[in-house]
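Accompanying notes for the structure given below.
Just so you know, residue 1 is the first one in the sequence shown, and it goes up from there.
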Amino acid sequence: MHNAGRSQMAAGFLSQLAGDRIEVRSAGSLPAEQVNPAVVAAMKEVGIDISGQTPKVLTPEVVQASDYVITMGCGDACPIFPGKKYLDWALDDPAGKGVEAVRPIRDEINTRVQALIAEIDAQQES
């Protein structure tokens, strides 16, 4: 919802691991003022700097321009368009948590992003 934690981590991993092969968009239904500092610190630990990112608003145009839409708790606020692949990643919200609590969330997101990249790559090969 706030585009300040989970989706920022996912976008950071996806950008680093997929490079130019996949265009990454990250947005939320109620964007926060800034990315969660504990999330920034946890990502920096694994060599990914997301400190320059800012939360962005989710628009129908962003969803419509995407092939995959990964939701992380936006519920009814996420626009639905036919023909898109929707994945709902149920993950703990890092809001209000310290770096120690963010690490397992970060690591789970990394695992899911790697699986997503493998799925996208496999579809492009077939």
Side-chain angles (χ1 to χ4, degrees):
M1 284 178 58
H2 298 123
N3 191 230
R6 295 168 290 192
S7 59
Q8 291 287 350
M9 288 189 281
F13 279 121
L14 192 53
S15 293
Q16 182 189 51
L17 297 171
D20 294 352
R21 296 186 343 242
I22 298 172
E23 183 179 344
V24 180
R25 298 179 185 97
S26 177
S29 54
L30 295 167
E33 296 280 321
Q34 65 180 14
V35 176
N36 178 332
V39 165
V40 172
M43 291 299 285
K44 192 166 274 195
E45 289 178 351
V46 294
I48 300 173
D49 183 4
I50 61 169
S51 63
Q53 297 301 315
T54 56
K56 296 165 210 60
V57 69
L58 178 68
T59 65
E61 294 79 23
V62 167
V63 175
Q64 206 160 20
S66 301
D67 296 319
Y68 284 76
V69 179
I70 297 149
T71 60
M72 299 180 192
C74 71
D76 293 339
C78 289
I80 305 290
F81 291 97
K84 308 297 175 191
K85 175 140 185 173
Y86 287 85
L87 302 171
D88 185 38
W89 290 357
L91 298 159
D92 289 338
D93 188 348
K97 297 179 177 162
V99 175
E100 305 241 338
V102 172
R103 285 181 188 125
I105 301 167
R106 173 201 65 201
D107 295 344
E108 176 62 24
I109 290 170
N110 185 17
T111 299
R112 291 180 189 216
V113 165
Q114 288 185 44
L116 176 64
I117 292 169
E119 177 182 323
I120 292 169
D121 287 346
Q123 285 188 354
Q124 290 179 347
E125 291 173 6
S126 58

Do [X] and [Y] share a hydrophobic cluster, counting only Ile, Leu, Val, Met, Phe, Trp and Tyr and linking them when any side-chain heavy atoms are less than 4.5 Å apart?
{"X": "V24", "Y": "I48", "result": "yes"}
{"X": "M1", "Y": "V57", "result": "no"}
{"X": "V39", "Y": "V99", "result": "no"}

Any side-chain heavy-atom pair from [X] and [Y] closer than 4.5 angstrom?
{"X": "R21", "Y": "D121", "value": "yes"}
{"X": "D92", "Y": "K97", "value": "yes"}
{"X": "V69", "Y": "L87", "value": "no"}
{"X": "N110", "Y": "V46", "value": "no"}
{"X": "S66", "Y": "R25", "value": "yes"}
{"X": "F81", "Y": "P60", "value": "yes"}
{"X": "Q114", "Y": "F13", "value": "no"}
{"X": "V35", "Y": "I50", "value": "yes"}

Do the side chain of T59 and the main chain of V62 share a donor and acceptor less than 3.5 angstrom apart? yes
Distance-only, no hydrogens or angles: does the N3 side chain make a donor-acceptor pair with backbone N or O of A32 under 3.5 Å? no
Taking every non-hydrogen atom, the tightest pair across [X] and [Y]:
{"X": "P104", "Y": "A101", "value": "CD-O, 3.4 Å"}
{"X": "S7", "Y": "M72", "value": "N-SD, 3.7 Å"}
{"X": "Q8", "Y": "S26", "value": "N-OG, 4.0 Å"}
{"X": "D93", "Y": "I105", "value": "C-CD1, 4.3 Å"}
{"X": "P94", "Y": "G5", "value": "CG-CA, 4.0 Å"}

The complete set of salt bridge (charged side-chain N to carboxylate O under 4.0 Å, His left out) pairs with one or both residues in residues 35-46, sequence neighbours excluded, reads E45-R103, E45-R106
Could you walk me through whether E119 and R112 pass the salt bridge (charged side-chain N to carboxylate O under 4.0 Å, His left out) test, one step at a time? CA-CA 10 Å; E119 177 182 323; R112 291 180 189 216; over 6 Å; no
Show your reasoning for whether side chain to side chain contact (heavy atoms under 4.5 Å, CB included) applies to L116 and I70. CA-CA 10 Å; L116 176 64; I70 297 149; 3.3 Å; yes
Take a 6.0 Å sphere around CD of E33 and say whether it holds more than 12 heavy atoms from other residues, nucleotides or ligands. no
Rounding to 0.5 Å, atoms CD (E23) and CG (D67) come to a distance of 9.5 Å
Return the OG1 to OH distance between T71 and Y86, rounded to the nearest 0.5 Å. 9.0 Å
Contacts of type side chain to side chain donor-acceptor pair (under 3.5 Å), residue K84, not counting sequence neighbours: none
Step-by-step side chain to side chain contact (heavy atoms under 4.5 Å, CB included) determination, R6 to I109: CA-CA 8 Å; R6 295 168 290 192; I109 290 170; 4.0 Å; yes
